[in-house]
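One structure is given below, encoded as structure tokens.
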Amino acid sequence: MTNSEFRYAHHPNDVKKYTTEELRDQFLITDLFLVDQIKLVYTMYDRLIVGGILPVSKPIKLEPTDDLKANYFLERRELGIINVGGAGKITVDGTVYELNNKEALYIGKGNKEIIFEKVGREQPYFYINSAPAHCTYPTIKITKKEAEIVELGELKYSNKRTINKLLVNSVLKTCQLQMGLTELHEGSVWNTMPAHTHERRMEAYFYFDLAEEQTVSHFMGQPDETRHIFMTNHQAVLSPEWSIHSGAGTSNYSFIWGMAGENMDYSDMDGVKTENLK
């Protein structure tokens, strides 16, 4: 079963007028993991799809939604998957890929049958992003051994973090989708600060590894008029191309960043000095 939503893009002048409830309704995704279901959110920001797949008692097949007007899900798309739970497996047109915690799988355009399964006692949580694709690249599994890993920040600034570039163009070929995983070290709570924007691409953040009763305040909006959204574990948020995307938690946590747009250069960003944020 697939549970799908459709969300439009927004002008920044309109977002300035949103109430807290309106801001959360338009950008926050709270219910990504539904038992034995696929949850998909199709956004008009670069037509990215954000989703969660939770196979508990049976395998789940990825089917196209009405929004795609496609014969199969990846007829005109590519797909990135990162498992944030226990061991699971994904079968792609008959080929099986086992995915452990914090491992990723890229699936190229044209693959027709994709099935998600639980393989052991622990529960896999498959987080997915999908973007339109113009050509086909090979399906590849990426672990931390194959990833590009960057250490950033300092504990004295509460932002020491490890960035795992998993599905990015420095590791493998994709059409436009880029995904990675950032882990905050114990004692650090700030991510993506100093803040930046990149109008060549949008972004989505998915927060996890956040302890019960803890929260992350995700900051968005134009640099001179920011907004915030309080989030809990296993929630995602959409970030328009004109918006900053940063956060601070009441404890350390991990998050997955996914991007789509016309530029895949990770360092392509317009920095914002911290003292200029409003």
Side-chain angles (χ1 to χ4, degrees), residues 2 4 6-9 29 38 40-53 61-83 90-95 97 99 103-116 126-143 146-148 163-182 197-206 236 238-243 245 256-269:
T2 301
S4 63
F6 184 95
R7 300 198 187 184
Y8 287 99
I29 305 169
I38 296 175
L40 301 175
V41 176
Y42 184 115
T43 172
M44 291 301 285
Y45 290 113
D46 287 298
R47 299 185 182 274
L48 185 80
I49 291 176
V50 175
I53 302 174
K61 182 179 178 181
L62 183 62
E63 301 281 10
T65 63
D66 291 340
D67 295 324
L68 297 183
K69 299 294 188 287
N71 294 311
Y72 53 95
F73 192 89
L74 294 185
E75 185 175 11
R76 299 182 297 272
R77 287 185 159 267
E78 59 186 349
L79 178 66
I81 306 157
I82 299 178
N83 181 12
I90 303 166
T91 305
V92 182
D93 284 348
T95 301
Y97 299 87
L99 231 58
E103 294 183 341
L105 182 69
Y106 171 82
I107 306 177
K109 181 176 80 75
N111 288 282
K112 293 183 177 180
E113 187 177 66
I114 304 166
I115 300 172
F116 297 81
F126 298 110
Y127 175 73
I128 71 171
N129 285 172
S130 174
H134 61 275
C135 63
T136 299
Y137 290 118
T139 297
I140 298 177
K141 174 183 171 179
I142 300 294
T143 70
E146 293 84 39
E148 180 182 342
I163 299 176
N164 304 276
K165 299 180 183 180
L166 295 165
L167 307 182
V168 299
N169 64 344
S170 59
V171 175
L172 77 169
K173 288 186 176 181
T174 70
C175 291
Q176 63 168 313
L177 182 65
Q178 306 279 283
M179 293 179 74
L181 190 159
T182 298
T197 61
H198 32 62
E199 294 196 344
R200 277 72 60 195
R201 58 180 185 253
M202 62 77 66
E203 196 155 357
Y205 272 20
F206 167 74
L238 303 174
S239 177
E241 66 284 343
W242 44 262
S243 174
H245 31 280
I256 293 170
W257 40 269
M259 299 182 283
E262 66 172 329
N263 195 331
M264 297 190 296
D265 180 3
Y266 181 86
S267 62
D268 174 23
M269 57 187 72

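- Annotation for Arg76: atom CZ counts as buried by contact number, over 12 foreign heavy atoms lying within 6.0 Å.
- Thr139 contributes atom OG1, which lies 12.5 Å from atom NZ of Lys109 (distance to the nearest 0.5 angstrom).
- Among the candidates Met264, Met202, His198, the single residue satisfying the side chain to side chain contact (heavy atoms under 4.5 Å, CB included) test with Met259 is His198.
- Partner of Trp257 under the side chain to side chain contact (heavy atoms under 4.5 Å, CB included) criterion, chosen from Asn129, Ile163, Leu181: Ile163.
- Between the side chain of Ser130 and the main chain of Glu78, a donor-acceptor pair closer than 3.5 Å is present.
- For the pair Cys135/Cys175, a side-chain contact is recorded, criterion being any heavy-atom separation below 4.5 Å from C-beta on.
- When every heavy atom of Met179 is checked against every heavy atom of Ile81, the shortest pair comes out as SD-N, 4.4 Å.
- Panel note: side chain Glu203, backbone His245; no donor-acceptor pair is recorded below 3.5 Å.
- Ala260 approaches Ala131 most closely through the heavy-atom pair CB-CB, 4.0 Å.
- Considering CD1 of Ile256 and CD1 of Ile128, their distance stands at 11.5 Å, rounded to 0.5 Å.
- A donor-acceptor pair under 3.5 Å is absent between the side-chain atoms of Asn111 and the main chain of Val92, judged by distance alone.
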Legend entry - From CA spacing to verdict: side-chain contact (heavy atoms from CB on, under 4.5 Å), Thr91, Glu113: CA-CA 8 Å; Thr91 305; Glu113 187 177 66; 5.7 Å; no

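- A donor-acceptor pair is defined here as one N or O able to donate and one able to accept, closer than 3.5 Å; no such pair exists between the side chain of Glu103 and the backbone of Asn83.
- Counting all heavy atoms, side chain and backbone alike, Leu172 lies closest to Leu166 at CD2-O, 3.8 Å.
- The shortest heavy-atom contact between Thr65 and Ser4 is CG2-CB, 4.0 Å.
- Taking CG from Leu68 and CD from Glu75, the interatomic distance works out to 9.5 Å, rounded to the nearest 0.5 Å.
- Taking CD1 from Ile115 and CG from Asp93, the interatomic distance works out to 9.5 Å, rounded to the nearest 0.5 Å.
- Listed by chain and residue number, nothing satisfies the ring pair (Phe, Tyr, Trp, His ring centres under 6.0 Å) test with Phe73 (two or more places apart in sequence, or in another chain).
- Considering all non-hydrogen atoms of both residues, Val171 and Glu146 come closest at CG1-O, 3.6 Å.
- Of the inter-residue distances, the one linking Tyr8 atom OH with Tyr45 atom OH reads 13.0 Å to the nearest 0.5 angstrom.
- Within the 4.5 Å cutoff, side-chain heavy atoms of Leu177 are placed close to those of Leu48.
- Nearest heavy atom pair, residue Ile142 against residue Ala147, reads CG2-N, 4.2 Å.
- To the nearest 0.5 Å, atom OH of residue Tyr97 and atom CD1 of residue Ile107 are 8.0 Å apart.
- For the residue pair Ser170 / Glu148, a side-chain donor-acceptor distance below 3.5 Å is found, with atom types taken as modelled.
- Put simply, the side chain of Arg201 gets close to the backbone of Asp265: a donor and an acceptor are under 3.5 Å apart.
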